[in-house]
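Note that ligands are numbered from 1 as they come in the structure, with each ligand's atoms numbered from 1 the same way.
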Amino acid sequence: MLTQDDIQLLRKDFPILDEQIYGRRLVYLDNAATTQKPVCVVDTIKHQYFHTNANVHRGVHFLSHKATELHEAARKTVADFIGVPDEKGIIFTRGTTEAINLVASSFGEAFCNRGDQIIVSAMEHHSNIVPWQLLAERKDLKIKVIPISEKGELDLDFFRTVLNEKTKIVAVSHVSNVLGTVNNVREIIRMAHEKGVAVLVDGAQAVPHIPLNISELDADFYVFSAHKIYGPTGIGVLFGKTELLEKMPPYQGGGEMIAKVTFERTTYNELPFKFEAGTPDYIGSTAFATALKYVQNIGIKQIAAYENELLQYASTAMLRNIDKLKIYGTASEKSAVLSFNIGTIHPYDIGVLLDHQGIAVRTGHHCAQPLMDFYEIQGTVRASFAFYNTLNEIDIFVEAVKKAVKMLS
Ligand code: PLP
């Protein structure tokens, strides 16, 4: 188990955590939006630009070979991290959002026809709703929504009743960015596969927090972003089963993704390059690999256990100290996210007053407006934790919330 002493040592890897905000040391509790970067990740970016920068895949010269080697080694690191034996199914994208758009567009083109059905859940991030709506509009498809309980758990009995021969794909989040609910995606995948239906799992909030083996999970598609797991912004991953990716048309056209171009007919590159048009983010991929190795070094199981301690500590302290507190998301399996409201106080007002005390949280609908509609609220305050947060920071946070409430009441 990671101790507070271990955490103090790890915090030294993150210089931004020493920043002063309005004269107070930053307390960063907005990790679900993006995580801070350790020195090794930023050093990798700098080293690459200063020593190995050249465009990948096409060059005959030394630097291009070196850059290509690093980029492809990064793909292997990603595959290993998520338990995928074959890097051909690892496609670099700009992030989770682009990965979902890729699947919606390309899988939709290959496999969906008028009257078919897509299933999503009521707790999805907009990036796992809108791409499917665009596809549904284009191809005249229906979207069914798995409802949730007040606690924020999916109704899998309902899911069973709507899964049918018209269903082409199920798209669900592994972990909710608002509620922290860890969905039973293993069971969802099992149920979908029984009916021959593919499943896309949005792992944006899962990969940084829980151990993962995608091969065991048997997900058809799994997507996530580097910036939420201590890596750089602007790069993410689509894992797809190669037998599906082989049947799907390219998402974008351009360099890299072709085998042969003529004005009469163009043929496409093999996987994964068929889905990677244009110069890839080869600097980002290598820095991403550094981030994953950094996490691996600490141990994702240790991270999960420690973050759970933070979550329990914060939830108990908030419930003990704050009157009229309502926590959204009380699922039996929950990741390190605490969304709440206090009486009728607007979440934005609490967010601003916390900011004045050096505390970064997120307020609003968290790109999950249908979920806000379900709870009949405008938004919440969301504190989201990472392994570099301390119990002392949570004490500071709870005291700051108390102070904010006093000022606003
Ligand atoms: N899905 C979930 C569950 C998220 O939390 C987020 C970001 O907050 C996304 C998708 C979109 O990720 P990105 O903006 O990195 O593409």
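- When each of K144, M191, E187 is tested with F159 by the rule side chain to side chain contact (heavy atoms under 4.5 Å, CB included), just one qualifies, namely M191.
- Counting non-hydrogen atoms of other residues, nucleotides and ligands closer than 6.0 Å to CZ of F111 gives a total above 12.
- Proximity of H227 to ligand 1 is established by a heavy-atom distance of less than 4.0 Å.
- Taking the ring centroids of Y313 and F385, they lie at or beyond the 6.0 Å cut-off.
- Summary of contacts: the protein heavy atom closest to atom 16 (O) of ligand 1 is T97 OG1, 2.6 Å.
- Any N or O atom pair closer than 3.5 Å counts here, and E98 shares no such pair with ligand 1.
- For the side chain to side chain donor-acceptor pair (under 3.5 Å) criterion with Q48, the lone passing option out of T286, N53, T290 is T286.
- Nearest protein heavy-atom neighbour of atom 5 (O) of ligand 1: Q205 NE2, 2.7 Å.
- No donor-acceptor pair closer than 3.5 Å links the side chain of Y22 to the backbone N or O of R24.
- For N308 and Q312, the side-chain atoms include at least one donor-acceptor pair closer than 3.5 Å.
- Closest to atom 12 (O) of ligand 1 among all protein heavy atoms lies T96 CB, 3.6 Å.
- Using the six-membered ring where Trp is involved, H71 and F92 have ring planes that are tilted, between 30° and 60° apart.
- Within ligand 1, the atoms closer than 4.0 Å to a non-hydrogen atom of N177 are 5 (O), numbered from 1 in the order shown.
- Close contacts between ligand 1 and S225 involve ligand atoms 12 (O), 13 (P), 15 (O), 16 (O) [criterion: under 4.0 Å to a heavy atom].
- Nearest non-hydrogen protein atom to atom 3 (C) of ligand 1 is D202 OD2, 3.4 Å.
- Looking at L141, N164, I143 one by one, the single match for side chain to side chain contact (heavy atoms under 4.5 Å, CB included) with Q117 turns out to be N164.
- With respect to atom 4 (C) of ligand 1, the closest heavy atom belonging to the protein is H125 CD2, 3.3 Å.
- Within the structure, the closest approach of S127 to ligand 1 falls below 4.0 Å when heavy atoms are considered.
- In this structure, the protein non-hydrogen atom closest to atom 7 (C) of ligand 1 is K228 NZ, 2.8 Å.
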